[in-house]
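Quick note on labels: first sequence line is chain A, next is B, and so on, each numbered from 1.
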2 protein chains.
Amino acid sequence: MLIKDPIYQQLRQALGELILKRDFKVGDKFLTEREISERFGVSRTTANKALSSLVADGTLEFRKGVGTFVRPGVLDYDLRSLVSFSDKARSAGRVPKTELLAFRRLRASEAPDPVAAQLGAGPKERLFFVERLRFADDVPVILERRYILADLCPRLTKRDLEGSLYAAWTEKHKLAITGASQTIRAVKLSGSDAAALQTKPGDAALAVLALGYVADGKPLWREETLYRAEAYEFRCELGGLHPSQPTMGHLLP
Amino acid sequence: MLIKDPIYQQLRQALGELILKRDFKVGDKFLTEREISERFGVSRTTANKALSSLVADGTLEFRKGVGTFVRPGVLDYDLRSLVSFSDKARSAGRVPKTELLAFRRLRASEAPDPVAAQLGAGPKERLFFVERLRFADDVPVILERRYILADLCPRLTKRDLEGSLYAAWTEKHKLAITGASQTIRAVKLSGSDAAALQTKPGDAALAVLALGYVADGKPLWREETLYRAEAYEFRCELGGLHPSQPTMGHLLP
DNA sequence: ATTAGCATCGTGGCTAAGCCACCGTGCTAC
DNA sequence: GTAGCACGGTGGCTTAGCCACGATGCTAAT
C-alpha cells in the first residue's frame, strides 16, 4: 500500500486491535473520546469518527452521557454459535449431548492431504484430531472431524472436548477467534458416516468444510462436518443497507 | 421508537434511502458534504460522519479532492450474483445457457401452499411462475422454480426469462432490489428432478429456498432451486472487524 | 496547432474550541 | 432513611478555518 490511509482509518484499526487483543473485554468501558484524542494525538472529532465507525459495525456501543462500551458483537456472537452447537440446540428447545469418538495427537504430515496446507502447518507440526458426534434430544445430528494446531492450545483435554471447544480456546488459552470461513456442499453419506448418524448410506447430508482463524489471520482449526439433511439447514440474509447476517446453521424441528 | 435516534443516524438513513430509491445510481457522484450540510441543516462535520458510515459499509466511496461516489456495493454486486447465474458461470470460465421449461400466469390461490403467505399475496393476486434449467458448458447444473408477484413487473416477457431476470427487474421495471434471504438444505433428488438435471434419482442436491425483496421489505419473488451436488457449493466468511461476506454460490470445476 | 506547465477552485481530511443534553454519583436537607 | 438536587464526566453537534489533493481550463512555449 503506497497510499497512506486517512488518519481515522488508521485510528479505527488501532482501536479495533485493542479489542481483538482483549485489552478491553466484552462489556468493558472503552476509551473516551477525550482520552483517545490525547493518547493518539488526534482531535476529538476524529476520535469520534473512528469510534462511530466501530459502533456502526457493532463492535462498540455508545451510551450517551456514560461512555463507549465493547459489545458482545456480531463477531463474538456468530463465531460462538458457529462453534457452539450446545447453545444452538438449547435455544431451539432441544437437549444437546456430545459424544467424543476420537481424540489424538499427530504430526501434520500424518493428516490427510489438504489439512496441513490449509492450516499452513509444516510437516512436523503437532496437531490434535478430534471427532465428535453431536445429538439433539438423543438423535445424532452432526458428525464433526476437526484438526487443530496443537501449539496454539497445548492444554486441551478430553474434558474440554466434551463441553465447549470455544470456551477452552477463549478462556483457557486466551485465543481471540477472529473469523471463520465455511463452504457448504451436498453429499451422499458413506456407509460408516451413515451408521454414525443412524441413517442409511446414500442419504443426503450437508457437508461443511470450515476453517477458523485467530488474530493476524492465522488458522487455528480445520473441520469437516456432516449434518443430517432433515435435521439441519443454513440460512443467510443479503442486502439492505445494513451489514448482512452471516450464514448460520439452524436445527430443524 | 420512543427514543430519538442521533441526528447522524437519521441522516445516514435518509442518505441511504436516496441511494435505494435510485436517485443516485451506481457510479454517480453523490452529494458533497457542503451540499448535505446545507440541504439537511446539519454541520459539515455531521454530514461527514454520516457519509463515513456509508463508506464504511461499502455503499459509498470517498475520493479525496473529487467527491463521494456510489459504489457497485456489496448489495448490488451480491444480489446480482445471487440472481445472475450467467455472470457467475462466465466468470468461472464456463459457457452459460438457460432453458425455459415453463412460464405461466396464475392466481396466488392456485400456487402451492406456502407461496402466497411468504409473498404476502392475497388469494386473487396475480403471480408469474417460471421454471428454468441452467447449464454450464451444456451440463445442467441448476433447476429453478420461481413465483413472482406479477403486479410489480407486469411487462415480463418470455424473452426476459431467457436472459437475465435481474436486468428485467432493475432496468425495465425500475425495481430496486434491496435484499434476499436464502435457506440451504440437502435433499435427495426425486425422479423427475433428477431427470431434468440428468443425474440419478436419490442423488444428493442442494435445495435453496430464497425470497427476494424490493424497497420497504416488500417481497418480489420466491424461488426453490436445486443445485447438482458435485457442481455447486456455497461459501461464506465470518468475522474479522470487517463486514462479513454474504453466502455466495460457486460453480465447481 | 499542439502541448507542457501553471493557477484556480472545489473536494474531503482534520483541527480547535465550545455549548448542550444526558447520565450517574454523592451530598444535602428533610 | 430517603427524596431531591448539584456536579462532573460523557457523547452529540456546531462553527470556523486551514490543508492536501485532484480536476479543469487557461496560458505560454514549442
Practice task
State whether Asn48(A) places a side-chain N or O below 4.0 Å from either non-bridging phosphate oxygen (OP1 or OP2) of dC13(D).
Solution key: no
Practice task
Please examine the side chains of Leu165(B) and Leu161(B), heavy atoms only from C-beta on, and report whether any two atoms are closer than 4.5 Å.
Solution key: yes
Problem - Centroid separation Tyr227(B) to Phe234(B) less than 6.0 Å - result: yes
Handout entry: Neighbour count above 12 (heavy atom, 6.0 Å) for Arg155(B) CZ
Key = yes
Fill in the blank from the handout: Regarding the side chain of Val42(A), the nearest nucleotide among dT10(D), dG12(C), dT15(C) is dT15(C)
Fill in the blank from the handout: Considering only heavy side-chain atoms of Pro6(B), the closest of dC13(D), dG11(D), dT15(C) is dC13(D)
Practice task
Look at the side chain of Arg63(A) against the base of dG24(C) and say whether a donor-acceptor pair falls under 3.5 Å; ignore hydrogens and angles.
Solution key: no
Fill in the blank from the handout: Comparing Lys64(B) with Gly41(A), nearest DNA chain C nucleotide closer to 5' gives the residue Lys64(B)
Exercise for the section: May I ask you to verify whether the side chain of Thr45(B) and the base of dT15(D) hold a donor-acceptor pair under 3.5 Å? Expected result: yes
Practice task
With the side chain of Ile7(B) defined as its heavy atoms from C-beta on, choose the nearest nucleotide among dT10(D), dT15(C), dC13(D).
Solution key: dC13(D)
Handout entry: Phosphate OP1/OP2 of dG11(D) contacted by Thr68(A) side-chain N/O (<4.0 Å)
Key = yes
Completion exercise
Here the pair of heavy atoms bringing Leu11(B) nearest to Ala47(B) is CD2-CA, 3.9 Å
Practice task
Could you check which of dA23(D), dC13(D), dC14(C) has an atom nearest any side-chain atom of Val66(B)?
Solution key: dA23(D)
